[in-house]
Protein chains: 2
Amino acid sequence: MNLDDAAARLEALGNPTRLKIYRTLVRAGAEGLSVGRLQASIDIAASTLSHHLKSLVVVNLVTQTREGTTLVCQANYDIMRDLLGYMVEECCAEGSCAPVALPKVA
Amino acid sequence: MNLDDAAARLEALGNPTRLKIYRTLVRAGAEGLSVGRLQASIDIAASTLSHHLKSLVVVNLVTQTREGTTLVCQANYDIMRDLLGYMVEECCAEGSCAPVALPKVA
DNA sequence: ACGGTATTTCCAGAAATACAGAAATAGAAA
DNA sequence: TTTCTATTTCTGTATTTCTGGAAATACCGT
C-alpha cells in the first residue's frame with residue numbers, strides 16, 4: 001500500500017460516525033449487516049449513512065453484496081490488515097521496534 | 001483509547017501531507033527533527049507545515065521540544081502503538097483473528 | 001403494471017479544512 | 001538594543017465535508 005492510499009483509508013476511518021460504522025460491521029462478522037440494520041443500530045439519517053458508507057466502499061474498507069432489495073455490507077479485513085501493516089512498517093522503519101505479527105488471514 | 005480519540009488521530013493521519021510529516025518524523029528516530037529541517041524535506045510553506053504540525057500535536061501523535069530558537073518535533077510512538085492496538089481490537093472483536101503482538105515499548 | 005420496502009442521488013446550507021503570503025513573536029547573539 | 005533566524009499567528013480565499021430532507025431508483029411480490 002502506498003502513502004496516498006493509506007492516507008485515504010485513514011481519512012475514511014477518521015470520522016467518529018464512520019469509525020462507528022466500520023466497527024459495527026467488524027463486530028457483525030463475516031456475514032455482514034444490511035444498510036437498514038446498520039441504520040437502526042447507528043441511528044442516523046439514511047442518506048447520511050449512505051454517504052458515509054460510500055466513503056468506506058470507495059477505499060475498499062467495506063464491500064457490499066446485493067441480496068434482493070437489501071444491500072449487505074461487510075468489513076474488508078484484508079484491506080484493514082494491509083493498512084495496519086503499512087502503519088506498523090512506517091512506525092518501525094528504524095528497526096527500533098520488534099517484528100509484529102498481524103492477524104492471520106482467516 | 002476511546003472511539004472519538006481514535007477517530008481524531010486517524011483523521012490527523014488521514015491527509016497525505018500529514019502522513020508524510022509523521023512518517024518523516026518516525027524515520028528521523030527518537031531524536032526527532034526541527035521544523036525547519038522538516039520543511040526542507042517536505043517542501044511546503046512554513047505556515048502550512050505549522051498548521052499540519054499543530055494538528056498532529058493536538059492529538060498527541062507528535063511532541064515538540066524547544067531547543068533555543070528551533071523547535072524539535074518527534075513522533076510519539078506510544079500513542080501510535082495505542083492507536084494500532086485500538087484498531088486491532090476493533091478488527092478482532094469477534095475472536096476471528098489471532099492474537100497480535102504490537103511493537104514493544106522501546 | 002402496482003405497491004411496498006430498501007437504498008441512493010439530488011440539493012442545499014453550515015461548518016470545517018487546506019493553503020499560503022504577510023505580519024508578528026521568540027530566542028540568541030552581537 | 002539591534003539584528004538575525006526560526007516559527008507561529010493572522011488574514012483571506014477556495015474548497016471540501018457533514019448533515020439530512022425530498023425525490024428518484026432498484027428490486028421484489030402480487
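Letters A, B, ... are given to chains in the order of the sequence lines, protein chains preceding strands, and every chain is numbered from 1.
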Quick one: [atom1] on [X] to [atom2] on [Y], what's the gap to the nearest 0.5 Å?
X: Leu56(B); Y: Tyr22(B); atom1: CG; atom2: OH; result: 9.0 Å
X: Ile21(B); Y: Leu61(B); atom1: CD1; atom2: CG; result: 12.0 Å
X: Glu67(A); Y: Leu71(A); atom1: CD; atom2: CG; result: 9.5 Å
X: Glu11(A); Y: Leu10(B); atom1: CD; atom2: CG; result: 11.0 Å
X: Asp43(B); Y: Leu38(B); atom1: CG; atom2: CG; result: 11.5 Å

Discussion item. For residues 44-65 of chain B, which residue pairs pass the side chain to side chain donor-acceptor pair (under 3.5 Å) check, not counting sequence neighbours?
Written reply: Arg18(B)-His52(B), Thr63(B)-Gln74(B), Thr65(B)-Gln74(B)
Length of the line joining [X]:[atom1] and [N]:[atom2], which is rounded to integer Å:
X: Ile42(B); N: dA18(C); atom1: CD1; atom2: P; answer: 15 Å
X: Lys20(B); N: dA18(C); atom1: NZ; atom2: C1'; answer: 14 Å
X: Glu11(B); N: dT16(D); atom1: CD; atom2: P; answer: 16 Å

Practice prompt. Give the B/S/- string for nucleotides 2-13 of chain C, one per nucleotide from 5' to 3', where a protein heavy atom under 4.0 Å of the base yields B, of only the sugar-phosphate yields S, and otherwise -.
Written response: ---BSSBBB---
Worksheet item: Relative to the 5' end of DNA chain D, which residue comes earlier, Asn15(A) or Glu67(A), by the nucleotide with the nearest heavy atom?
Response: Asn15(A)
Worksheet item: With respect to the phosphate group of dT17(C), does any side-chain polar atom (N or O) of His52(B) fall under 4.0 Å of OP1 or OP2?
Response: no
